[in-house]
Amino acid sequence: MKRKTARIIGNGLMGLGLLTMVGGVGYSILNQMPELGLPQFLAHGAIGSIFVGAILWLAGARVGGQERVADRYWWVRHFDSRCTNGKSHRHF
């Protein structure tokens with residue numbers, strides 16, 4: 001798969017995952033309002049859709065090549081063994 005195609009598919013999967021997660025959270029919140037009369041059996045599906053959305057997000061990041069953590073983050077720079085340049089650090 002070409003890089004541009006992989007990036008487009010990855011971004012699409014990440015967007016679909018985001019929409020799935022937001023939809024699941026939204027339905028879970030709306031389901032708590034009894035005056036709306038939403039079916040209770042769909043509440044478990046809404047919770048499950050949050051996890052499905054997260055998996056879609058991670059799959060899209062993997063396909064699109066965005067799964068690496070950037071070393072600009074403070075925690076990674078100071079505590080990740082890959083970013084220490086072979087120095088011996090002692091952190092307490």
Side-chain angles (χ1 to χ4, degrees):
M1 188 172 356
K2 291 185 178 182
R3 182 174 292 176
K4 184 177 181 179
T5 306
R7 193 161 184 89
I8 290 171
I9 291 172
N11 287 341
L13 283 172
M14 288 175 71
L16 182 63
L18 179 66
L19 289 175
T20 305
M21 287 187 286
V22 169
V25 169
Y27 189 83
S28 295
I29 291 171
L30 291 176
N31 194 32
Q32 299 299 315
M33 298 179 182
E35 62 270 4
L36 293 178
L38 296 173
Q40 186 64 32
F41 68 90
L42 290 179
H44 297 295
I47 298 297
S49 71
I50 297 169
F51 294 106
V52 170
I55 290 172
L56 284 172
W57 177 279
L58 292 173
R62 179 75 179 185
V63 169
Q66 301 172 10
E67 79 278 1
R68 286 189 234 132
V69 176
D71 62 352
R72 67 178 173 260
Y73 297 110
W74 185 88
W75 184 264
V76 175
R77 230 182 22 243
H78 289 86
F79 293 103
D80 194 354
S81 63
R82 294 172 292 172
C83 299
T84 58
N85 296 327
K87 297 176 191 171
S88 176
H89 286 104
R90 293 187 74 186
H91 296 284
F92 297 100

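Applying the side chain to side chain contact (heavy atoms under 4.5 Å, CB included) test to Ala43 and every residue at least two apart in sequence or in another chain returns Asn31, Gln40. The side chain to side chain contact (heavy atoms under 4.5 Å, CB included) test applied to Leu16 returns Thr20, Leu56, not counting sequence neighbours.
Under the 4.5 Å side-chain heavy-atom criterion for grouping Ile, Leu, Val, Met, Phe, Trp and Tyr, Met14 is not connected to Ile8 through any hydrophobic cluster. Note on Met21: it clusters hydrophobically with Leu58, by side-chain heavy-atom contacts below 4.5 Å among ILVMFWY residues. Follow the hydrophobic side-chain contacts under 4.5 Å out from Trp57 and you never reach Ile50; the two are in separate clusters.
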Please list, one pair per line, the donor and acceptor atoms closer than 3.5 Å that link side chains of residues 23-30 to other protein atoms, with sequence neighbours excluded.
| residue | atom | partner | partner atom | Å |
| --- | --- | --- | --- | --- |
| Tyr27 | OH | Pro39 | O | 3.2 |
| Ser28 | OG | Gly24 | O | 2.9 |

